[in-house]
Amino acid sequence: MAYWLVKSEPATWSWDDQMSVESEHWDGVRNYQASNNLKAMRIGDQAFFYHSQKGKEIVGIVEVVKEYYPDPSDSSGRFGMVDFKAVRPLKTPVTLAAIKEHPELKEMPLVRQSRLSVMPVSDEHWALVCELGGTTA
DNA sequence: GCCAACGTTGGC
DNA sequence: GCCAACGTTGGC
């Protein structure tokens, strides 16, 4: 099983919104690198749910319930999406500032490639962020 | 609100 | 196929 991180602006789609629904399609990705990451996701893979802009923190964990399929909001037909369901919130959100303070976590694409909205997370980083967030991996 | 990073578009 | 111009994202 692989681990990921996905970003959402809470003003557009927040963790509370995600928890209020059974599952939600992750549409609107228009970047090849991010799209390729979506394409590599398999059912059962888990992802950190990160609030960009207002928040700048990892707030919860979601799971892939439907694999990559065409995004109807993309008229060019080039991009697709997956569906996520909420698994559980972190007890304590893990802020970007906290991630930057950790020597290990500084290597995350979240820090190094701030504009990428869908990225892989290594097993080690996953376990560490879960620990900081007060939940079990 | 500004600015840096960076991906995309379009002219040549 | 290169590169300048432009648009978008997201941290600060």
Side-chain angles (χ1 to χ4, degrees):
Chain A
M1 172 165 94
Y3 297 111
W4 310 92
L5 182 148
V6 295
K7 290 183 183 176
S8 184
E9 286 182 43
T12 307
W13 184 253
S14 71
W15 173 250
D16 285 343
D17 294 329
Q18 182 71 48
M19 281 200 299
S20 73
V21 296
E22 183 58 34
S23 72
E24 181 70 356
H25 51 263
W26 208 258
D27 65 350
V29 171
R30 296 290 182 272
N31 168 284
Y32 285 108
Q33 201 179 345
S35 187
N36 283 336
N37 289 329
L38 288 179
K39 210 177 286 185
M41 291 182 186
R42 294 296 167 254
I43 285 175
D45 282 359
Q46 296 192 336
F48 288 130
F49 190 107
Y50 176 82
H51 277 167
S52 63
Q53 315 223 48
K54 293 234 165 79
K56 283 169 287 181
E57 56 189 12
I58 295 170
V59 288
I61 294 172
V62 292
E63 182 177 320
V64 178
V65 291
K66 183 169 180 180
E67 293 180 10
Y68 195 82
Y69 62 107
D71 178 350
S73 75
D74 172 30
S75 55
S76 74
R78 284 181 288 192
F79 297 101
M81 61 191 189
V82 302
D83 288 6
F84 289 120
K85 72 168 185 190
V87 176
R88 61 182 177 279
L90 298 189
K91 279 207 188 75
T92 316
V94 177
T95 65
L96 181 62
I99 289 168
K100 284 182 167 175
E101 278 170 20
H102 251 268
E104 276 189 67
L105 296 177
K106 273 197 305 204
E107 300 303 313
M108 290 180 79
L110 183 67
V111 179
R112 307 181 60 154
Q113 242 185 305
S114 66
R115 289 182 52 206
L116 186 61
S117 61
V118 182
M119 66 193 78
V121 175
S122 71
D123 291 358
E124 293 76 18
H125 290 165
W126 183 270
L128 189 47
V129 172
C130 284
E131 194 185 318
L132 294 173
T135 190
T136 48

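A, B, ... follow the sequence lines: proteins, then strands. Residue 1 opens every chain.
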Next on the checklist: I'd like to check the side-chain contact (heavy atoms from CB on, under 4.5 Å) partners of Lys85(A); sequence neighbours left out, ordered by chain and number.
Outcome noted: Ser23(A), Glu63(A), Val65(A)
Show the atom names and distances, to 0.1 Å, of all donor-acceptor pairs under 3.5 Å that link a side chain in residues 102-113 of chain A to residues at least two apart or in another chain.
| from | atom 1 | to | atom 2 | distance (Å) |
| --- | --- | --- | --- | --- |
| Glu107(A) | OE1 | Arg112(A) | NH1 | 2.6 |
| Gln113(A) | NE2 | Gln33(A) | OE1 | 3.1 |

Next on the checklist: According to ring-ring contact (aromatic ring centres under 6.0 Å, His included), does anything in residues 115-137 of chain A pair up with another residue at least two apart or in another chain? List the pairs.
Outcome noted: Tyr3(A)-Trp126(A), Phe48(A)-Trp126(A)
Next on the checklist: I'd like to check the ring-ring contact (aromatic ring centres under 6.0 Å, His included) partners of Trp4(A); sequence neighbours left out, ordered by chain and number.
Outcome noted: none
Checklist entry - For residues 58-80 of chain A, which residue pairs qualify under ring-ring contact (aromatic ring centres under 6.0 Å, His included), counting only residues two or more places apart or in two chains? => result Tyr32(A)-Phe79(A)
Checklist outcome for this item: B/S/- along nucleotides 5-11 of chain C (protein heavy atoms under 4.0 Å) is --BBBBS
